[in-house]
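Numbered from 1 within each chain, the chains take letters A, B, ... in sequence-line order.
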There are 6 protein chains.
Amino acid sequence: MNRNDGRKNNELRKVKMTRDYLLHPNGSVLIEMGNTKVICTAMIEEKVPPFLRNTGQGWITAEYSMLPASTITRKRREATKGKLEGRTQEIKRLIGRSLRSVVDLDKLGERTIWVDCDVIQADGGTRTASITGAFVAVADALNFLKEEGQIDDIPLKSFISAISVGIVENEKLLDLCYIEDSNAHVDMNIVMTDKGEIVEIQGTGEQAPFNRVDLNELLDLAEKGNKELIEMQKDILNGITKGE
Amino acid sequence: MNRNDGRKNNELRKVKMTRDYLLHPNGSVLIEMGNTKVICTAMIEEKVPPFLRNTGQGWITAEYSMLPASTITRKRREATKGKLEGRTQEIKRLIGRSLRSVVDLDKLGERTIWVDCDVIQADGGTRTASITGAFVAVADALNFLKEEGQIDDIPLKSFISAISVGIVENEKLLDLCYIEDSNAHVDMNIVMTDKGEIVEIQGTGEQAPFNRVDLNELLDLAEKGNKELIEMQKDILNGITKGE
Amino acid sequence: MNRNDGRKNNELRKVKMTRDYLLHPNGSVLIEMGNTKVICTAMIEEKVPPFLRNTGQGWITAEYSMLPASTITRKRREATKGKLEGRTQEIKRLIGRSLRSVVDLDKLGERTIWVDCDVIQADGGTRTASITGAFVAVADALNFLKEEGQIDDIPLKSFISAISVGIVENEKLLDLCYIEDSNAHVDMNIVMTDKGEIVEIQGTGEQAPFNRVDLNELLDLAEKGNKELIEMQKDILNGITKGE
Amino acid sequence: MNRNDGRKNNELRKVKMTRDYLLHPNGSVLIEMGNTKVICTAMIEEKVPPFLRNTGQGWITAEYSMLPASTITRKRREATKGKLEGRTQEIKRLIGRSLRSVVDLDKLGERTIWVDCDVIQADGGTRTASITGAFVAVADALNFLKEEGQIDDIPLKSFISAISVGIVENEKLLDLCYIEDSNAHVDMNIVMTDKGEIVEIQGTGEQAPFNRVDLNELLDLAEKGNKELIEMQKDILNGITKGE
Amino acid sequence: MNRNDGRKNNELRKVKMTRDYLLHPNGSVLIEMGNTKVICTAMIEEKVPPFLRNTGQGWITAEYSMLPASTITRKRREATKGKLEGRTQEIKRLIGRSLRSVVDLDKLGERTIWVDCDVIQADGGTRTASITGAFVAVADALNFLKEEGQIDDIPLKSFISAISVGIVENEKLLDLCYIEDSNAHVDMNIVMTDKGEIVEIQGTGEQAPFNRVDLNELLDLAEKGNKELIEMQKDILNGITKGE
Amino acid sequence: MNRNDGRKNNELRKVKMTRDYLLHPNGSVLIEMGNTKVICTAMIEEKVPPFLRNTGQGWITAEYSMLPASTITRKRREATKGKLEGRTQEIKRLIGRSLRSVVDLDKLGERTIWVDCDVIQADGGTRTASITGAFVAVADALNFLKEEGQIDDIPLKSFISAISVGIVENEKLLDLCYIEDSNAHVDMNIVMTDKGEIVEIQGTGEQAPFNRVDLNELLDLAEKGNKELIEMQKDILNGITKGE
């Protein structure tokens with residue numbers, strides 16, 4: 001099989017992260033993975049949700065949205081529908097959980113980091129791009145706190161990034177674009193640390209189940225992709241943090 | 001570590017499935033896994049969602065809910081809040097996707113099977129119990145269609161069941177109850193077919209990431225648990241279907 | 001007229017109350033009246049609604065719901081619709097009001113008893129079965145408070161139960177099942193105490209008005225039915241309370 | 001006991017009905033009962049709800065609302081809250097059911113009469129005033145249909161009106177104003193036809209249960225009150241209809 | 001062009017304001033402008049919105065609604081739809097902003113004046129009639145505060161009223177009724193003080209843009225109309241306030 | 001007064017429009033006015049709202065939103081709140097009305113142009129930037145229809161743009177940034193055609209009313225600003241349309 005953009009099966013799309021993309025948030029990144037473009041921001045609020053009050057612990061929460069014009073057919077605005085779709089809820093929970101897994105919330109102190117991932121243009125892999133970009137925005141927001149003297153060290157335990165893998169026409173592919181994703185029999189999103197450990201694995205074989213050999217090959221691909229993404233994060237963050 | 005109910009690490013809780021639990025639905029099962037109790041039902045509607053009209057294809061959709069008194073602290077009713085929580089949305093989508101993966105929707109014809117999983121009592125593993133019980137209810141609903149002469153064969157491609165596994169205090173455990181689940185560093189739900197293939201894998205290491213060796217051990221446990229559950233489904237369904 | 005289940009006009013369906021049906025709530029009852037089955041629970045919260053704060057007075061509030069598969073045609077979930085139907089609101093208010101009428105809220109202290117009535121299977125009379133079953137669950141919750149030493153006595157002023165009566169094809173019937181209810185010209189629900197006094201009467205002659213002679217005969221039937229129900233409550237509660 | 005406005009126990013407040021109060025609806029009445037003032041309107045729509053399509057049968061549906069400034073303390077607008085209160089739902093269902101009970105819906109033809117009862121000023125008895133006033137508005141809307149030649153006869157089976165009765169400090173009172181209603185131990189609303197038959201009875205003894213002797217005395221009062229109200233309706237409608 | 005009610009182009013419809021129209025609010029006016037009728041009320045609440053707490057400053061907020069039967073075709077109730085229309089939001093914001101512009105909120109003290117404008121009958125110009133009537137209701141509420149000794153002076157900086165103007169078939173008209181409004185190419189609402197200054201101007205040429213000569217002629221008409229309306233307000237308020 | 005960015009009172013901020021900013025919509029523009037950045041898109045749907053079906057006429061509708069991180073303090077997402085704010089509703093209606101005023105909807109044919117304006121970064125003037133940018137996106141969408149042969153000519157009657165003007169510390173200013181807008185006593189948004197005609201004027205003197213001399217000076221400023229903006233639109237659209 002030839003991929004429609006000529007990539008090798010184990011090749012990422014062209015990735016670009018623009019740091020400090022916006023003026024107001026404490027951290028902001030425009031991440032582009034091929035035609036997929038997501039604005040990821042991190043804003044600090046000096047307040048925690050009720051269940052954490054007076055615990056000394058902080059919180060990270062994420063929201064995710066797609067612009068109506070980000071997709072081929074206009075996507076109806078959730079604000080107009082008056083509620084979040086199930087897919088949106090799943091993705092916002094996944095992003096929040098992934099980021100919380102690498103931040104030492106005790107050291108963050110009683111404050112919340114609000115992460116927003118807004119998809120400007122969609123071509124597959126928006127949730128994984130969101131996590132990869134949001135990690136950088138969060139690192140910048142933590143750096144802001146450190147520079148303001150509010151925290152002593154940047155409480156990051158590891159780097160994390162995320163990538164999709166899948167099986168399309170019996171080929172195992174890394175970083176699926178939309179057309180590949182639509183034809184995938186197995187579709188998997190994997191969030192990993194810079195040590196190659198798994199933070200989240202979500203795989204579905206709605207079209208056809210998969211066996212453990214398949215799973216292992218997909219994990220190999222994901223490991224390769226995440227390694228490359230974390231290299232880029234380290235480059236762009238330029239020593240701000242090394243994880244703990 | 002000793003499990004609080006004396007089970008071995010690779011041991012399921014006591015499982016009981018009561019078929020034909022309710023009068024009105026086409027299939028209904030009360031599934032009990034230890035103290036977790038879920039009513040799973042399947043009802044046929046001679047109609048499909050708009051995106052399937054005139055395609056000849058059927059649909060399966062699932063809903064999930066917990067009774068307010070199913071949990072230790074009363075759970076606020078989603079109908080009163082006026083919206084579904086993110087967790088509920090995730091679970092209902094997981095159940096629906098899992099069941100659709102083993103039904104030949106073309107052979108089902110233009111009708112919808114509505115699956116409802118209502119948790120009467122919760123002690124961990126409600127989503128996996130829902131899938132295991134709902135499979136039996138769906139098989140009964142399909143059998144109803146066959147007996148009514150609406151379909152020629154029961155369009156089931158495989159059996160499926162689901163089970164949770166996790167890492168608690170460095171021990172890998174099968175079928176976590178609530179207290180174990182609360183203390184798990186890694187938490188995973190795995191839906192499998194009777195051929196041991198994976199339909200869904202959802203694993204999260206919010207408390208601590210895990211490596212691929214851990215993942216493999218967890219999959220071994222899940223495989224054992226799912227195998228036993230599918231045996232019970234086969235027993236209770238008593239030859240109604242063998243899958244294709 | 002012969003009733004479809006062979007009962008006499010003034011005869012209740014088979015009634016069964018299973019106490020302590022669930023693990024977590026302070027009181028819980030599965031009540032079955034013929035094919036109608038309702039799980040009634042009572043859970044104590046150490047908090048009152050804003051309008052009662054610092055008054056020393058407690059509160060009882062009720063919620064009611066039907067499982068989607070409890071009815072012949074699947075009932076759309078109110079949580080999915082995002083709001084409670086008018087019928088549900090009426091019933092939850094009726095249950096709450098009835099239970100509050102027999103509890104001395106001053107003696108309850110500043111706490112709320114949350115009553116939940118979830119209809120597992122519906123065959124007419126779900127609201128009256130809810131009241132009859134919920135009374136027992138509330139008595140158990142009050143007994144729990146007493147055993148915990150939080151209150152000195154069980155602050156129940158009377159027993160209450162509820163039953164439906166109606167006029168079907170000119171016959172006056174006690175305890176209508178669904179098919180009778182659908183054909184009733186007059187439909188009435190009556191909540192009574194163990195002294196035979198009326199707590200609530202709600203009668204409607206949407207199909208045909210009724211006169212005061214009819215009303216009196218219906219009340220005779222209701223009195224007989226409620227008397228029998230309260231006997232069963234007394235049996236099952238086994239002296240826990242006698243009312244004041 | 002002396003009533004605060006000097007009325008006898010069995011005396012209605014001053015009643016005034018202004019017919020054709022508004023320009024646009026097919027029937028409209030401003031009903032005043034003492035300080036309670038309700039605008040009741042009836043508008044015809046040439047359409048029925050889905051469950052009646054192609055049955056040849058018509059429908060009557062009612063809505064009820066209170067202006068924010070109709071009450072002593074400002075009542076929060078339900079449109080702002082985004083949902084109807086339980087009380088509103090109960091009342092709108094009661095009004096609709098009462099009016100449907102006296103209209104021959106087959107003869108109405110496939111059209112809907114929308115009844116709106118908007119309380120301008122509240123001093124107790126707003127739901128019963130709504131029914132009494134709405135009956136006149138509906139009669140006028142039916143008369144409009146007859147004059148337009150859309151129906152041959154006015155399909156009214158009886159007149160109906162409604163009134164509240166209650167027990168306040170052991171006195172049985174007719175037509176309670178707000179202050180009496182707040183102090184009532186028993187509170188009852190009764191809808192009756194011109195033949196003295198009961199269409200709806202809703203009685204509640206939340207503060208204290210009542211016996212059947214009490215009930216009979218309350219019904220006597222209600223019968224007297226409704227008789228007088230129907231006389232006024234007949235006067236104002238001036239022979240437009242006699243019922244069938 | 002002859003106006004359908006024979007008015008001159010620069011002539012207001014017949015205006016009538018009934019003060020103290022309702023019993024409960026602190027100020028209330030029924031304003032009638034031709035067939036347009038609006039109940040305007042003002043109620044004082046001893047509380048301010050969160051953003052003003054402990055600032056010593058008061059607030060005025062407005063709500064606007066149309067009765068379902070106020071329009072030719074029944075207008076669906078926003079409480080039933082569960083949300084406010086965009087048009088309603090625009091109007092309530094306009095009314096609130098206009099009234100706040102002439103009240104010295106510092107002198108009002110930490111309290112809120114709730115203004116409600118409920119359209120009983122609509123024939124064009126309901127938003128401007130609402131402002132004109134609400135000003136009188138607010139003046140009465142402020143007078144109530146003064147008479148109660150809660151404030152020393154009535155903190156009104158000016159009188160305000162509002163009127164619509166527009167271009168219909170190339171004629172510039174004052175105070176458009178519904179049929180004129182429907183045919184207008186340019187439609188403008190102007191809120192003015194007794195000094196002839198502009199508080200709000202909202203003009204739209206959806207059907208055809210307009211030039212500055214047109215604008216000036218429309219402003220002349222609006223000035224004349226507002227002058228006359230403020231005269232009537234002064235008459236009816238009878239010296240209660242002169243503005244500052 | 002010196003403006004904080006050194007501009008003259010009648011000077012626009014630096015304006016930049018990036019055409020074809022996104023891949024999927026039929027027209028898309030990133031408009032930057034100083035620090036204000038808005039993505040404006042136009043997507044064609046071959047369908048009209050119910051009130052236009054079978055009229056042969058088309059429709060343009062607009063939606064507006066701000067990214068949570070577009071403002072200094074994070075703006076809560078309307079999709080999370082479950083409803084649109086009043087301000088959002090006002091702006092979306094204004095954008096839609098303005099664009100409809102210059103498109104010949106009969107010549108558009110039975111299709112809808114969906115305009116989306118998403119504010120990426122906010123520094124005042126987001127609604128006027130939205131209109132100016134959306135005009136270009138709509139022109140491109142119309143050009144797309146023409147190139148596809150679906151319409152013969154581009155049915156644009158004029159160019160339009162929009163700008164804010166205001167009075168800050170007695171100075172009349174063109175194109176207010178956020179800090180100026182916050183301190184303005186008078187705030188006005190003006191939509192104009194390339195002939196200098198007014199399509200919309202919305203001016204508010206909540207802090208202080210203004211007279212007609214002020215109004216005229218503000219209109220002079222707006223005319224100058226809009227003229228310059230339309231020049232830029234003409235440049236960037238490069239002869240695609242001249243208006244009719």
Side-chain angles (χ1 to χ4, degrees), chain C residues 60-64 81-94 96-103 105 157-160 185-216 218-220 222-223 226, chain D residues 60-64 81-94 96-103 105 157-160 185-216 218-220 222-223 226:
Chain C
I60 300 179
T61 190
E63 296 199 340
Y64 167 94
K81 289 197 283 189
K83 59 177 177 182
L84 302 182
E85 296 169 13
R87 176 183 175 276
T88 300
Q89 300 247 38
E90 259 181 49
I91 295 176
K92 78 194 271 304
R93 284 159 56 90
L94 170 66
R97 216 160 51 221
S98 298
L99 293 169
R100 285 193 298 273
S101 78
V102 290
V103 175
L105 299 171
K157 296 186 276 191
S158 333
F159 277 64
I160 49 161
H185 280 107
V186 175
D187 177 23
M188 201 172 288
N189 293 297
I190 290 163
V191 187
M192 276 183 167
T193 68
D194 49 340
K195 289 122 202 162
E197 290 176 313
I198 302 169
V199 169
E200 284 274 341
I201 174 171
Q202 298 197 337
T204 179
E206 186 171 347
Q207 304 309 317
F210 51 99
N211 59 33
R212 288 172 63 179
V213 176
D214 295 328
L215 176 59
N216 269 314
L218 291 170
L219 285 167
D220 288 343
E223 208 167 307
N226 276 314
Chain D
I60 300 179
T61 190
E63 296 200 337
Y64 166 94
K81 289 198 283 189
K83 60 177 176 181
L84 301 182
E85 296 169 13
R87 177 184 175 275
T88 300
Q89 300 246 38
E90 258 181 50
I91 295 176
K92 77 193 271 307
R93 283 159 56 89
L94 170 65
R97 218 160 49 223
S98 298
L99 293 169
R100 284 193 299 274
S101 78
V102 290
V103 175
L105 298 172
K157 296 186 275 192
S158 331
F159 275 66
I160 50 162
H185 280 105
V186 174
D187 177 24
M188 201 170 289
N189 294 295
I190 291 163
V191 186
M192 276 183 168
T193 68
D194 48 339
K195 289 121 201 162
E197 290 176 313
I198 301 169
V199 168
E200 284 274 343
I201 173 170
Q202 297 197 336
T204 180
E206 186 170 348
Q207 304 308 318
F210 52 98
N211 59 33
R212 288 173 62 179
V213 175
D214 295 327
L215 175 59
N216 270 314
L218 290 170
L219 284 167
D220 288 341
E223 209 168 306
N226 276 314

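Here the CE atom belonging to D:Met188 is positioned 9.5 Å from the CD atom belonging to C:Glu200, to the nearest 0.5 angstrom. From C:Lys83, atom NZ reaches atom NZ of D:Lys83 across 10.5 Å, with rounding to the nearest 0.5 Å. A distance of 6.5 Å separates CD1 in D:Ile201 from CZ in C:Phe210, rounded to the nearest 0.5 Å. How far CD of D:Gln202 is from CD of C:Glu90: 7.0 Å, rounded to the nearest 0.5 Å.
C:Thr88 is linked by a side chain to side chain contact (heavy atoms under 4.5 Å, CB included) to C:Tyr64, C:Glu78, C:Leu84, C:Glu85, counting only residues two or more places apart in sequence or in another chain. Looking at residues two or more places apart in sequence or on another chain, you find a side-chain hydrogen bond (donor to acceptor under 3.5 Å, both in side chains) between C:Asp214 and C:Lys172.
Residues D:Gln89 and C:Gln89 have side chains in contact (heavy-atom distance under 4.5 Å, counting atoms from C-beta outward). Counting heavy atoms from C-beta on, the side chains of D:Ile198 and C:Val186 never come closer than 4.5 Å. Put simply, the side chain of D:Val199 reaches to within 4.5 Å of the side chain of C:Pro209, judged on heavy atoms.
Comparing D:Val102, D:Asn211, D:Asn216 by heavy-atom pairs within less than 4.5 Å of chain C, the highest count is held by D:Asn216. Options D:Gly196, D:Gly86, D:Ser98, D:Ala208 differ in how many heavy-atom pairs under 4.5 Å they form with chain C, and the most are formed by D:Gly86.
Both the backbone and the side chain of C:Thr204 come within contact range of chain D, with heavy atoms under 4.5 Å apart. Heavy atoms closer than 4.5 Å to chain D are found in the side chain of C:Arg93, but not in its backbone. In this structure, chain C has no heavy atom under 4.5 Å from any part of D:Asp187.
Under a 4.0 Å N-O distance rule, the pair C:Arg212/D:Glu197 does not qualify as a salt bridge.
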